> 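Have a look at this one before I ask anything.
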Amino acid sequence: MLVYDGPAGTRAVRLVEVEAYLGAADPASHAYRGPTRRTAPMFGPPGRSYVYFVYGMYHCMNVVAERVGVAGAVLLRGAEPLEGAGDDPRALAGPGKLARALGLTTAHTNMDLVRSPLSIRDAPAVPASRVVRTARIGLATGSTAHQPWRFYVRGSLGVSRR
DNA sequence: CGAATGATCCGA
DNA sequence: CGGATCATTCGA
């Protein structure tokens, strides 16, 4: 689950859809061409956030997943509301909508997700039989475009495309 | 400095 | 399928 104790109170959601992004080996990744000011968190320590702004109006959040110097992150694409996040899972179905619902912006990039108001915590385990693995969404081109690096919980209304 | 573009979403 | 809308990135 993802918890944000922010200015609007505590908001908690149960993550049901994610995608993995690598570095130099993944043309679809922001980290493909090496670190920049924006993507620096992707090359930093694991367990921190990487939030970026795109299409002039949306923010998307990732969880950095590799050791320092190695790019790797998990894009949070969908969730179900638990607390303070409304009661409609469809409002959390999609990375832009998820970030918006929690009130996340680029100010929340590079935060320590273990010890900060924005945190990732354990949630009840999901049986492997309910986890679906598919290709990632919204990628233009690239050799990794068809890799099955998207995971979601079968049947959840918080999944962006079903 | 200018131009292109994007890990999206919504509405027609 | 196109438009919204702008920070970031790359090339000149």
Side-chain angles (χ1 to χ4, degrees), chain A residues 1-2 4 6 8 11 13-81 85-113 118-120 126 131-162:
Chain A
M1 60 187 279
L2 176 66
Y4 178 41
R11 290 175 173 171
V13 301
R14 170 175 173 262
L15 300 168
V16 296
E17 179 185 356
V18 300
E19 285 179 357
Y21 286 86
L22 306 184
D26 185 2
S29 172
H30 288 174
Y32 181 54
R33 295 170 192 280
T36 65
R37 185 177 201 77
R38 177 180 66 148
T39 64
M42 278 193 72
F43 294 82
R48 302 177 70 136
S49 59
Y50 164 49
V51 181
Y52 66 91
F53 182 62
V54 73
Y55 294 120
M57 59 185 92
Y58 296 107
H59 295 273
C60 298
M61 173 179 168
N62 295 254
V63 177
V64 178
E66 294 284 354
R67 67 183 186 278
V68 173
V70 179
V74 175
L75 172 67
L76 308 184
R77 290 192 53 96
E80 296 169 359
D87 58 3
D88 184 1
R90 289 171 299 187
L92 304 176
K97 294 163 76 176
L98 175 55
R100 184 182 58 189
L102 290 184
L104 302 178
T105 70
T106 51
H108 301 88
T109 198
N110 205 26
M111 290 184 77
D112 183 336
L113 297 175
L118 181 62
S119 63
I120 291 281
V126 175
V131 177
V132 182
R133 187 175 182 184
T134 71
R136 294 173 296 182
I137 303 291
L139 303 187
T141 55
S143 56
T144 55
H146 303 111
Q147 290 296 318
W149 293 339
R150 171 182 181 236
F151 303 82
Y152 66 88
V153 176
R154 188 195 315 277
S156 172
L157 293 175
V159 174
S160 62
R161 295 194 191 177
R162 318 185 317 131

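Small disclaimer: the values here were computed from a predicted structure and weren't measured. Note on naming: letters A, B, ... go to the chains in the order of the sequence lines (proteins, then strands), and numbering restarts at 1 for each one.
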> Between the base of dA7(B) and the side chain of Tyr52(A), is there any donor-acceptor pair under 3.5 Å?
yes
> How many Å lie between OH on Tyr55(A) and P on dG11(B), as a whole number?
18 Å
> Quickly work out the Arg161(A) CZ to dC10(B) P distance and round it to whole Å.
12 Å
> Hunt down any stem DNA chain C takes part in, defined as 3 or more consecutive Watson-Crick or G-U pairs whose two distances are each under 3.5 Å.
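B:1-6 with C:6-11, B:8-11 with C:1-4 - these are the stems of 3 or more pairs that involve DNA chain C.
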> In whole angstroms, how far is the C1' atom of dT8(B) from the CG atom of Leu92(A)?
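Interatomic distance, CG of Leu92(A) to C1' of dT8(B): 15 Å.
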> I'd like to check, for Tyr58(A), whether its ring lies over the base of dT8(B) with centroids under 5.5 Å apart and a plane angle smaller than 30°.
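No, aromatic ring not over the base.
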> Using atom types as modelled and distance alone, determine if a side-chain donor or acceptor of Glu19(A) lies under 3.5 Å from a backbone N or O of Ile137(A).
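Such a contact is found between Glu19(A) side chain and Ile137(A) backbone.
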> Taking atom P of dA7(B) as reference, at what distance in whole Å does atom NZ of Lys97(A) sit?
19 Å
> Are His30(A) and Tyr21(A) near enough that their ring centres are under 6.0 Å apart?
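Distance test on ring centres: not under 6.0 Å, no.
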> In whole Å, I'd like the distance from the CZ atom of Arg100(A) to the C1' atom of dA4(C).
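To the nearest whole Å, that distance equals 13 Å.
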> dC10(B) P sits how many Å from Arg90(A) CZ, rounded?
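Rounding to the nearest Å, CZ of Arg90(A) and P of dC10(B) are 11 Å apart.
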> Can you list, by residue number, the residues of residues 33-48 of chain A that have a non-hydrogen atom closer than 4.0 angstrom to DNA chain C?
Arg33(A), Thr36(A), Arg38(A)
> Could you go through Arg38(A) and Thr109(A), starting from their C-alpha distance and side-chain angles, then the distance that decides it, and tell me whether this counts as side-chain hydrogen bond (donor to acceptor under 3.5 Å, both in side chains)?
CA-CA 9 Å; Arg38(A) 177 180 66 148; Thr109(A) 198; over 6 Å; no
> Heavy atoms under 4.0 Å, any strand shown: does Leu139(A) hit a base, just sugar-phosphate, or nothing?
sugar-phosphate
> We want to know whether Arg33(A) and Thr39(A) form a side-chain donor-acceptor pair, criterion being a heavy-atom distance below 3.5 angstrom.
no
> Using a 3.5 Å distance criterion without hydrogens, assess whether the side chain of Ser49(A) forms a donor-acceptor pair with backbone atoms of Met111(A).
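Pair found, side chain donor or acceptor close to backbone of Met111(A).
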> Indicate whether the side chain of Glu17(A) and that of Ser156(A) have a donor and an acceptor atom separated by less than 3.5 Å.
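No, no side-chain donor-acceptor pair sits under 3.5 Å.
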> Could you tell me the separation between the OH atom of Tyr21(A) and the C1' atom of dT8(B), rounded to a whole number of Å?
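Going from OH in Tyr21(A) over to C1' in dT8(B) covers 11 Å.
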> For Phe151(A), I'd like to know if atom CZ has over 12 heavy atoms of other residues, nucleotides or ligands within 6.0 Å.
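Yes - once you tally the heavy atoms of other residues, nucleotides and ligands closer than 6.0 Å, there are more than 12.
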> Please give the distance between the P atoms of dT5(C) and dG2(B) as a whole number of Å.
23 Å
> I'd like to know if the side chain of Ser29(A) reaches the main chain of Leu22(A), judged simply by a donor and an acceptor atom lying under 3.5 Å from each other, with no hydrogens or angles considered.
yes
> What's the closest nucleotide to the side chain of Met57(A) if the choices are dC9(B), dA7(B), dT5(C)?
dT5(C)
> Under a 4.0 Å N-O cut-off, is there an ion pair linking Asp26(A) with Arg136(A)?
yes
> Check the distance between dC9(B)'s P and His59(A)'s NE2 and give it to me in whole angstrom.
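It works out to 13 Å between those atoms.
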> From the list dT8(B), dC6(C), dC10(B), which nucleotide is the closest neighbour of the side chain of Phe53(A)?
dC6(C)
> How close do Tyr58(A) and Gly96(A) get, counting heavy atoms only, and between which atoms?
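Closest approach of Tyr58(A) to Gly96(A), heavy atoms only: CD2-CA, 4.1 Å.
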> Looking at every strand, decide which applies to Gly96(A) at a 4.0 Å heavy-atom threshold: base, sugar-phosphate, or nothing.
sugar-phosphate
